[in-house]
Amino acid sequence: MAAAAGGEGPARAEGEGATGGFSSLPAQEEEPGRGQLFNTVVDAFLEKLVAAGSYQRFANCYHRFYKLQPEMTRSIYDQFISQLQTSIQEEIHEIKKEGNLEELFASMDRIMEEAKNREEPAWRPSGIPEEDIHSAMVPYLLKHQTYLRRALKEKEEENRKLAESVLAGRERISEMQQQIENRKQAWQAVSKEQRELIMMFQEPE
């Protein structure tokens, strides 16, 4: 009985340890981003490509050469697979670079993360086209109206400054014309006085 009781003790303790509150839940893994998923898909594609072009199939295609030079056949196959993988990876890298895919993936991840934290529900069509168009277009039109008003105000301010500049230029031209007229009159007066003075000193004939 004692042995039986002693045998039940560890079993009971083990069961309590398995079901008690001391066991910790596994940490929740972070969801991979779209860039990481893309790389995973590419790696899986390369693995399937290598599996589809196995060495056995390669050797069967070049059976005579394989019989004569098995080691050389293996070396050629390894080089071919390595160059094929490298070429595909470089091509995918160029596509990602030209299409700016890394930034696009990161942007999509940020949008999805913001959507998760958004409290208000996402827009869904009501089934009534008129109401859907109204609810979708009115905010856009109001935003566009605000933009047009701001642009109109800026243009009016620009036109006002331009009008003031034109008016100031006209005033300056008018002042210059008046100065020219005054100088002309002054010169004519001086010229008249000179002629009169010359006539005074001329001897009578």
Side-chain angles (χ1 to χ4, degrees), residues 21 23-54 79-185:
S23 61
S24 58
L25 295 175
Q28 185 177 2
E29 296 183 358
E30 185 178 357
E31 183 179 355
R34 281 160 177 77
Q36 185 177 352
L37 291 175
F38 179 82
N39 294 333
T40 302
V41 171
V42 172
D43 293 339
F45 165 75
L46 291 176
E47 291 179 0
K48 291 183 178 180
L49 181 64
V50 173
S54 64
Q79 293 181 13
F80 169 74
I81 291 298
S82 177
Q83 293 179 1
L84 179 62
Q85 290 177 324
T86 301
S87 177
I88 293 175
Q89 289 174 346
E90 291 178 352
E91 188 70 22
I92 292 176
H93 177 73
E94 288 297 325
I95 293 174
K96 290 171 64 177
K97 184 178 179 180
E98 293 178 1
N100 198 20
L101 295 186
E102 293 290 347
E103 181 62 28
L104 292 178
F105 288 148
S107 177
M108 292 175 65
D109 291 338
R110 288 193 297 268
I111 292 173
M112 293 302 296
E113 191 65 26
E114 292 174 358
K116 291 179 181 178
N117 299 329
R118 185 182 302 166
E119 297 181 357
E120 60 181 10
W123 181 85
R124 294 291 185 274
S126 64
I128 305 176
E130 293 81 3
E131 294 183 0
D132 293 340
I133 293 175
H134 183 270
S135 62
M137 292 298 296
V138 166
Y140 168 78
L141 293 176
L142 290 176
K143 183 178 180 180
H144 194 60
Q145 184 182 30
T146 302
Y147 167 77
L148 290 177
R149 286 179 177 176
R150 183 170 63 251
L152 178 60
K153 186 176 180 179
E154 293 175 356
K155 183 60 66 176
E156 289 177 347
E157 181 66 17
E158 182 180 348
N159 291 338
R160 183 185 65 80
K161 292 181 180 180
L162 182 60
E164 291 178 353
S165 177
V166 172
L167 182 60
R170 289 179 178 177
E171 292 178 353
R172 179 62 179 166
I173 292 174
S174 179
E175 292 176 359
M176 292 178 63
Q177 289 178 342
Q178 186 63 37
Q179 290 177 1
I180 292 173
E181 184 66 23
N182 293 338
R183 291 178 181 178
K184 179 181 178 181
Q185 293 178 359

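Throughout, residue positions are numbered sequentially from 1 according to the sequence presented. This structure is a prediction, so every number in the text was calculated from the model and none was measured.
Judged as a side-chain hydrogen bond (donor to acceptor under 3.5 Å, both in side chains), and not counting sequence neighbours, the contacts of Gln178 are Asn182. Residues satisfying the side-chain contact (heavy atoms from CB on, under 4.5 Å) criterion with Thr86, sequence neighbours excluded, are Ser82, Glu90. Listed by chain and number, the residues in a side-chain hydrogen bond (donor to acceptor under 3.5 Å, both in side chains) with Gln177 amount to none (sequence neighbours excluded). Listed by chain and number, the residues in a side-chain contact (heavy atoms from CB on, under 4.5 Å) with Arg149 are Gln145 (sequence neighbours excluded). Remark: Lys143 pairs with no residue by the side-chain contact (heavy atoms from CB on, under 4.5 Å) rule, at least two apart or across chains.
Residue pairs satisfying the ring pair (Phe, Tyr, Trp, His ring centres under 6.0 Å) criterion with at least one member in residues 85-112, sequence neighbours excluded, are listed as follows: Phe38-Phe105.
To the nearest 0.5 angstrom, Leu142 atom CG is 6.5 Å from Thr146 atom OG1. With values rounded to the nearest 0.5 angstrom, Ile88 atom CD1 is found 9.5 Å from Glu91 atom CD. In this structure, CG in Leu167 is found 11.5 Å from CG in Leu162, a value given to the nearest 0.5 Å.
Looking only at distances, no side-chain donor or acceptor of Ser174 sits under 3.5 Å from a matching main-chain atom of Arg170.
In this structure, Arg34 and Leu104 have side chains that are not in contact, with every pair of non-hydrogen atoms separated by 4.5 Å or more. Two residues are said to be in side-chain contact when any heavy atoms from C-beta on lie closer than 4.5 Å; Asp109 and Gln36 fail this criterion.
Checking each of Glu157, Glu158, Glu156 against Arg160 for a side-chain contact (heavy atoms from CB on, under 4.5 Å) leaves exactly one that passes, namely Glu157.
Of all heavy-atom pairs spanning Gln85 and Val50, the tightest one is NE2-CG2, 3.1 Å.
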